[in-house]
Amino acid sequence: GVIILNQTHIGEECIINSGVIIGSEGFGFNKNEAGKYVKIPQLGNVVIKDNVEIGANTTIDRATLGSTIINEGVKLDNLIQIAHNVVIGSDTVIAAQTGIAGSSKIGARCKIGGQVGIISHINIGDDVQIQAQTGVINDIANKNIIQGTPAIDFRSFYKSYSIFKNLPNFESRIREIEKKSKK
């Protein structure tokens with residue numbers, strides 16, 4: 001049940017699980033003079049280097065021009081969408097239900113949790129860890145650990161979360177203080 005389309009190059013010792021589609025057209029449209037969306041031709045290809053594993057029902061779109069590249073040793077879980085012109089650095093691992101929008105660059109040795117969304121044209125450095133359910137909307141420098149939507153440093157995220165979950169208690173305490181101050 002694997003579909004590998006034209007111009008796809010696959011390296012040595014790769015594992016491609018059932019339902020994978022490699023080399024389909026990316027999601028590219030522009031409006032014409034009449035304001036209608038018209039398909040942008042997707043003329044590029046997909047290059048998968050050696051020792052890559054691709055989980056079931058993952059899709060990897062071919063580039064608009066040039067190549068979508070999955071580098072050596074990358075491990076992709078099930079149900080991942082990799083859009084046109086994405087480059088994933090070597091030895092990066094990505095968990096299920098992650099979507100990477102077009103022309104994003106992921107560094108080497110990154111760890112990306114499940115249900116992560118990465119918008120287009122983002123550059124993520126090497127050795128970055130992205131916690132599950134994170135929305136990445138800005139470039140991320142090397143060796144950062146991020147979480148949340150929009151993504152922030154994971155320590156700041158947990159500190160903010162601990163405050164957020166206590167807001168009802170804080171509100172009650174503030175109301176009591178206000179009542180006492182009016183007397």
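One is the number of the first residue; the rest follow in order along the sequence.
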How close do [X] and [Y] get, heavy atom to heavy atom, and via which atoms?
| X | Y | value |
| --- | --- | --- |
| Ala83 | Ala101 | CB-C, 3.6 Å |
| Thr68 | Arg62 | OG1-C, 3.6 Å |
| Ile118 | Ser104 | CG2-OG, 4.0 Å |

Atom [atom1] in [X], atom [atom2] in [Y]: separation rounded to 0.5 Å?
| X | Y | atom1 | atom2 | answer |
| --- | --- | --- | --- | --- |
| Ser156 | Gln147 | OG | CD | 11.0 Å |
| Thr8 | Ile3 | OG1 | CD1 | 11.5 Å |
| Leu76 | Thr98 | CG | OG1 | 9.5 Å |
| Asn71 | Lys49 | CG | NZ | 4.5 Å |
| Glu13 | Ile15 | CD | CD1 | 9.0 Å |
| Ile106 | Ile124 | CD1 | CD1 | 3.5 Å |

Q.
Taking CG in Asn32 as the centre, count heavy atoms belonging to other residues, nucleotides or ligands within less than 6.0 Å. Is the count above 12?
A. yes
Q: Check the surroundings of atom NZ in Lys111: do more than 12 heavy atoms from other residues, nucleotides or ligands lie under 6.0 Å from it?
A: no
Same cluster (ILVMFWY, side-chain, under 4.5 Å), [X] and [Y]:
| X | Y | answer |
| --- | --- | --- |
| Ile137 | Ile130 | yes |
| Ile40 | Tyr37 | no |
| Ile69 | Val46 | no |
| Ile70 | Val47 | no |
| Ile60 | Val2 | yes |

**Q.** Worked check of side chain to side chain contact (heavy atoms under 4.5 Å, CB included) between Ile4 and Ile10
**A.** CA-CA 10 Å; Ile4 300 172; Ile10 299 176; 3.6 Å; yes
Q: For Asn142 and Asn144, run side chain to side chain contact (heavy atoms under 4.5 Å, CB included): C-alpha distance rounded to whole Å, both residues' side-chain angles, the deciding distance at 0.1 Å, then the answer.
A: CA-CA 6 Å; Asn142 293 341; Asn144 276 310; over 6 Å; no
Quiz: residues 84-97 side-chain donor-acceptor pairs under 3.5 angstrom, not counting sequence neighbours:
| from | atom 1 | to | atom 2 | distance (Å) |
| --- | --- | --- | --- | --- |
| His84 | ND1 | Thr64 | OG1 | 3.3 |
| Asn85 | OD1 | Thr64 | N | 2.9 |
| Asn85 | OD1 | Thr64 | OG1 | 3.4 |
| Asn85 | ND2 | Leu65 | O | 2.8 |
| Thr92 | OG1 | Gly89 | O | 3.2 |
| Thr92 | OG1 | Gly107 | O | 2.8 |
| Thr92 | OG1 | Arg109 | N | 3.3 |
| Thr92 | OG1 | Cys110 | N | 3.1 |
| Gln97 | OE1 | Gln115 | NE2 | 2.6 |

Q) Is it true that the side chains of Thr59 and Gln81 contain a donor and an acceptor less than 3.5 Å apart? A) yes
Q | Donor-acceptor side-chain pairing of Gln133 and Gln131 below 3.5 angstrom | A | no
(Q) Test side chain to side chain contact (heavy atoms under 4.5 Å, CB included) on Glu25 and Lys39; report intermediate values, then the result. (A) CA-CA 10 Å; Glu25 289 190 41; Lys39 185 87 171 146; 2.8 Å; yes
Q.
Assess the residue pair Lys36 and Asn30 against the criterion (side chain to side chain contact (heavy atoms under 4.5 Å, CB included)); give the C-alpha distance rounded to whole Å, side-chain angles, the decisive distance to 0.1 Å, and a yes or no.
A. CA-CA 8 Å; Lys36 303 290 182 188; Asn30 267 336; over 6 Å; no
Look only at the side chain of [X] and the backbone of [Y], and say whether a donor-acceptor pair between them is shorter than 3.5 Å.
| X | Y | answer |
| --- | --- | --- |
| Thr149 | Gly135 | yes |
| Ser172 | Pro168 | yes |
| Asn17 | Ile54 | yes |

Q. Which residue, Leu5, Ile82, Ile48, forms the side chain to side chain contact (heavy atoms under 4.5 Å, CB included) with Ile22?
A. Ile48
Q.
Can you tell whether the side chains of Lys182 and Glu178 come within less than 4.0 Å, N to carboxylate O?
A. no
